[in-house]
Trainee: 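Pasting in a structure now, in C-alpha cells, and then I'll have a few things to ask.
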Amino acid sequence: MSNQTIFLDQPLYQYLLSVSLREPPLLARLREETATLDHGAMQIAPEQGQLMGLLVRLMGARRIVEVGSFTGYSALCLASALPDDGELICCDLSQEWTTIARRYWQEAGVADRIDLRIGHALETLDVLAQERPQQFDLVFIDADKENYDAYYERALALLRPGGLVLIDNTLWGGSVVQPEDQTPATRAIRALNQRLLSDDRVDLSLLPVGDGLTLAQRRAP
C-alpha cells in the first residue's frame, strides 16, 4: 500500500476500464473513427469523457463553453449530460474536423444543444465575456497550449462563482517534468500549472486522468 496515486500499467488500466467505463456504442464509434485520423491522438480518453459528463450532472450545469472540439467526442460527453434545455458553446477553427463532430452530435440527438462557433477562440470568448459575464457553469479547455493562460483568464470571466474550469493535457505526456523539453507548448503548460497553484481565485485539483485533467473551481469574490 502507498499514500500516493497508484501507477497504472496496461493490465491495471484495462481492468479500470473493464469495471468502470460505460461508453455508449456511438461514442465508441466516434473514438474509433477519430483514431484513424493523422491527429487522432488529440482525442481525450474515454474514461475522461465519462468523468466530465459526471461532473456536469453533479453540478447541475446548464451552460458550458468548450475551447477546442476536434471531432466532437468531449462535446458529445458534455452535451449528453446536459438537460434538454442546456447549452454548449463549442469553439474550434477546423471545418473538417467539426464536420465529423456535427454528424455524431446529430445522430446522438444533442445537436440542438450545441452552438458551434468556427473562428479564433479568444475572439469568441471575448465576445461572450462582454455579452454574458459570469453566466456559465463550466468551461473545458483543450486547444493550442500556448494560449492556455489566455483561455484560462477568459474562462474565469465567463464562470459564475462556483463554476468549474476543466483544463486538459496538464501533465502533457510527462514532458512537464523533463527540463530538456523547452518547446513553447510544454513551457506554457508548466507556467499555467505553477500559476494555478498560487491562484487564490480558485480551488484546485490536478487529476492523473487521461493526459492530466485540472479542475479549478471559481471561488466567490
Side-chain angles (χ1 to χ4, degrees), residues 39 41-44 48 52 56 61-79 82 86-102 105 113-161 163-172 175-176 182-199 201-202 204 206 210-219 221:
H39 297 279
M42 294 196 306
Q43 179 63 73
I44 67 167
Q48 177 179 331
M52 289 164 52
V56 170
R62 303 176 69 84
R63 292 172 296 275
I64 301 174
V65 175
E66 177 178 77
V67 184
S69 293
F70 192 33
T71 59
Y73 188 98
S74 54
L76 185 48
C77 292
L78 295 169
L82 284 169
E87 173 189 24
L88 169 59
I89 298 176
C90 291
C91 308
D92 206 280
L93 280 171
S94 173
Q95 289 280 7
E96 178 184 359
W97 290 336
T98 55
T99 295
I100 298 172
R102 287 182 185 275
W105 298 341
R113 304 176 195 174
I114 301 176
D115 177 3
L116 175 62
R117 303 194 183 187
I118 299 294
H120 292 285
L122 288 175
E123 296 176 5
T124 301
L125 297 175
D126 283 339
V127 170
L128 288 173
Q130 288 283 333
E131 297 175 348
R132 303 171 64 181
Q134 298 187 30
Q135 292 185 25
F136 291 86
D137 303 299
L138 187 147
V139 178
F140 176 49
I141 300 172
D142 184 16
D144 55 304
K145 311 313 171 192
E146 293 87 341
N147 276 315
Y148 259 29
D149 187 80
Y151 295 143
Y152 171 67
E153 283 300 320
R154 269 64 168 192
L156 290 187
L158 291 171
L159 286 174
R160 61 168 175 81
L164 188 65
V165 187
L166 302 178
I167 309 172
D168 196 32
N169 303 118
T170 46
L171 293 178
W172 202 221
S175 296
V176 286
Q182 294 297 320
T183 58
T186 302
R187 293 176 64 182
I189 292 172
R190 282 195 198 109
L192 180 60
N193 286 341
Q194 198 62 45
R195 183 183 175 199
L196 285 165
L197 179 63
S198 57
D199 190 345
R201 296 173 295 176
V202 297
L204 178 69
L206 197 170
D211 194 29
L213 180 66
T214 293
L215 284 63
Q217 185 177 38
R218 186 176 184 271
R219 291 174 173 171

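Counting begins at 1 with the first residue of the sequence.
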Trainee: Take a 6.0 Å sphere around CZ of Arg160 and say whether it holds more than 12 heavy atoms from other residues, nucleotides or ligands.
Mentor: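 Enclosed.
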Trainee: Find out whether Val202 and Tyr152 are in side-chain contact, i.e. whether some heavy atom of one side chain is under 4.5 Å from a heavy atom of the other.
Mentor: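 Side chain of Val202 against side chain of Tyr152, heavy atoms only: contact under 4.5 Å found.
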Trainee: Side chains of Val139 and Leu125: closer than 4.5 Å at any heavy-atom pair?
Mentor: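 Result no, sub-4.5 Å side-chain heavy-atom pair not found.
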Trainee: Nearest 0.5 Å, please: how far is NZ in Lys145 from CG in Asn169?
Mentor: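 Here the interatomic distance stands at 3.5 Å.
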Trainee: Could you tell me whether the side chain of Tyr148 reaches within less than 4.5 Å of the side chain of Val67, counting heavy atoms only?
Mentor: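 No, their side chains stay 4.5 Å or more apart.
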Trainee: Does the side chain of Leu197 reach to within under 4.5 Å of the side chain of Gln194, using non-hydrogen atoms?
Mentor: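 Counting from C-beta outward, Leu197 and Gln194 do come under 4.5 Å.
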Trainee: Does a side-chain heavy-atom distance below 4.5 Å link Ile100 with Phe70?
Mentor: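 Of all side-chain heavy-atom pairs linking Phe70 with Ile100, none is under 4.5 Å.
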Trainee: Is any side-chain heavy atom of Arg132 closer than 4.5 Å to a side-chain heavy atom of Ile89?
Mentor: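 A side-chain contact exists here, since the closest heavy-atom pair is under 4.5 Å.
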Trainee: Taking 4.0 angstrom as the limit, do Glu123 and Arg117 come out as a salt bridge?
Mentor: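 Not counted as a salt bridge, because no side-chain N and carboxylate O are separated by less than 4.0 Å.
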Trainee: Sub-3.5 Å donor-acceptor pair from the side chain of Arg218 to the main-chain atoms of Gly163, do we have one?
Mentor: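 Answer holds: no.
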Trainee: Tell me if the CD atom of Gln182 is crowded by more than 12 foreign heavy atoms within 6.0 Å.
Mentor: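 Yes, enclosed.
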Trainee: Minimum heavy-atom separation for Asp92 and Ser69, please, with both atom names.
Mentor: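 Heavy atoms of Asp92 and Ser69 come nearest at OD2-N, 2.7 Å.
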Trainee: With a 4.0 Å cut-off, would you call Asp126 and Arg154 a salt bridge?
Mentor: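 The answer is yes: the pair qualifies as a salt bridge.
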